[in-house]
2 protein chains.
Amino acid sequence: MTARNERKPEPRIPLSRERVLRAAVDVADQGGIESLTMRRLAEELGAEAMSLYYHVANKEEVLDGIADVIATEINDVVDQIDAPSKGPDWKKAVRQRILSAREVLLRHPWAPGVFDTRTNLSPAVVQYIDALVGLMRDGGFSNDLAHHALHALGSRALGFTHELFDPSDGAGDEGGAAMLEMADRLPHLVGMMMEVAHDDPDSTLGWCDDQFEFEFGLDLILDGLDRIRETA
Amino acid sequence: MTARNERKPEPRIPLSRERVLRAAVDVADQGGIESLTMRRLAEELGAEAMSLYYHVANKEEVLDGIADVIATEINDVVDQIDAPSKGPDWKKAVRQRILSAREVLLRHPWAPGVFDTRTNLSPAVVQYIDALVGLMRDGGFSNDLAHHALHALGSRALGFTHELFDPSDGAGDEGGAAMLEMADRLPHLVGMMMEVAHDDPDSTLGWCDDQFEFEFGLDLILDGLDRIRETA
DNA sequence: CGCCATATCGTACAAGGTAAGTCTGGGCGC
DNA sequence: GCGCCCAGACTTACCTTGTACGATATGGCG
């Protein structure tokens with residue numbers, strides 16, 4: 001009865017930076033980014049918090065790491081695409097890439113938030129951007145225009161935009177009801193909302209079709225770039 | 001020598017939600033948003049941390065509050081403007097508004113970050129957006145188009161965009177040097193950077209003129225909207 | 001002068017990041 | 001074969017930050 005088999009021979013897989021980062025993504029996918037603590041992450045791996053520090057310098061590095069994991073996932077998906085990009089085809093190619101990136105991000109809703117707390121950008125993101133520039137060059141963009149285009153696209157290039165108002169918060173109508181009370185102070189907004197909501201079949205005030213709006217804004221920019229490109 | 005004048009009669013101004021929020025903005029302006037802790041904030045006010053909780057429910061409310069303070073500052077500036085917005089003038093009017101908002105945000109570099117951690121949006125932001133919709137309506141936008149326009153503008157409407165790479169980080173060249181090493185893996189990006197940097201007089205690789213890029217993207221979108229508006 | 005609402009403070013705890021030291025098992029020189 | 005070493009994991013403990021809870025100060029009023 002002395003300690004012989006003190007621990008079941010649980011075939012403890014050794015930790016590694018890879019394993020840590022993958023587990024971190026899992027934790028964030030399951031419980032949101034705020035649930036990603038070093039202790040929770042260790043638990044996920046069947047280890048102790050401090051053990052993680054042998055593989056990553058600190059939590060910042062974990063965040064850098066998972067951003068890179070996601071960007072890599074995006075690259076994997078996006079590199080499957082083989083669309084023509086020469087001349088006027090550039091736009092379709094870029095559009096398809098960006099929308100594919102967006103699909104990946106929709107699977108990791110916490111990722112956009114992490115991306116823009118990152119001060120140093122991930123290698124995989126650089127790789128992604130590089131390919132995007134490549135498509136634009138194929139389309140006849142000057143380097144200068146491609147550069148401006150990146151800035152114009154901003155976070156949209158990676159498939160997300162920062163929502164100023166996040167529809168997924170208050171108990172549905174509440175905010176809208178409060179808004180109706182001050183309708184006299186917000187004539188334009190209230191008028192707009194009423195009309196837009198009316199046109200839309202369901203729409204309890206979760207009225208915005210994210211996908212549609214995203215594409216609208218994206219196309220606006222792409223069309224503008226295309227017009228510049230033609231006249232250059 | 002017993003405690004008589006235990007404290008100089010320091011005419012302690014009473015706390016108030018107003019004072020707390022203003023102090024919070026000051027702290028953030030001075031030390032960045034990460035320096036804004038309840039204790040630091042109390043110190044700024046010559047009080048103790050727990051005293052703040054009589055005037056604000058919790059730190060989230062402080063953050064909501066300072067977002068609103070900044071948005072109010074924007075509204076104050078922007079409401080000074082009296083530009084014609086009827087018909088084709090809409091674009092100049094909107095442009096001017098947004099660039100003015102941007103000027104305010106440049107004085108509070110932490111503000112964009114706070115804005116998009118806010119899940120409930122500040123009344124002052126709603127007010128701002130409402131006025132923007134008003135200008136677009138003046139320009140002949142349908143409510144529907146105005147709605148899409150808001151989405152297309154995204155955070156740009158308030159005068160900021162999320163930089164994917166923040167130039168203000170690594171020791172200047174470092175990142176660029178590392179990038180040159182893998183030039184073969186990033187042909188397009190490196191090519192673009194070399195050329196763009198070459199055109200630009202100084203440019204140590206802090207090559208991007210934020211203001212120019214911001215206006216470029218903004219105009220791209222505004223021009224696109226204008227074209228849609230004309231054909232509607 | 002005593003009372004109570006209002007405003008402030010002191011103490012204390014929980015959560016989370018992480019510094020520093022400790023234990024352990026397997027490889028390697030002798 | 002034997003002991004040393006060290007990578008890798010664990011233990012303890014500390015510090016910061018938000019905030020619950022209750023005590024305390026203050027000032028106006030009956």
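Numbers restart at 1 for each chain; the letters A, B, ... are given by sequence-line order, proteins then strands.
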Look at atom CZ of B/R19 and say whether more than 12 heavy atoms of other residues, nucleotides or ligands are closer to it than 6.0 Å. yes

Closer than 4.0 angstrom, basic N to acidic O: yes or no for A/R40 and A/E44? yes

Length of the CD-C1' vector between A/E48 and D/dC10, whole Å: 7 Å

Students should find that the end-to-end axis angle of the helix from C/dC1-D/dG30 to C/dC30-D/dG1, with five pairs defining each axis and rounding to 10 degrees, is 30°

Of B/D79, B/L158, B/V69, the residue whose pairing with B/I74 passes side chain to side chain contact (heavy atoms under 4.5 Å, CB included): B/L158

For the residue pair A/E195 / B/H147, report whether a side-chain donor-acceptor contact shorter than 3.5 Å exists. no

Return the minimal non-hydrogen interatomic distance between B/G191 and A/N143, and the atom names on each side. O-ND2, 3.7 Å

How many whole angstroms separate atom CD of A/E43 from atom C1' of D/dC10? 16 Å

Letter by letter from the 5' end, nucleotides 11-21 of chain C scores (B base, S sugar-phosphate only, - none; protein heavy atoms under 4.0 Å) B----BBBBB-

For B/D219, give me all partners under side chain to side chain donor-acceptor pair (under 3.5 Å), at least two apart in sequence or on another chain. B/R95

Should A/H55 be listed as having a side-chain N or O under 4.0 Å from OP1 or OP2 of D/dA7? no

Could you tell me how far apart B/R17 (CZ) and C/dT6 (C1') are, to the nearest whole angstrom? 18 Å

Is B/E61 salt-bridged to B/R17, going by a charged N under 4.0 Å from an acidic O? yes

Establish, for the pair A/R102 and A/F214, whether the NZ or CZ atom is under 6.0 angstrom from the six-membered ring centre and no further than 45 degrees off its axis. yes

Considering heavy-atom distances to DNA chain D, does A/Y54 or A/S51 have its closest nucleotide positioned more toward the 5' end? A/Y54

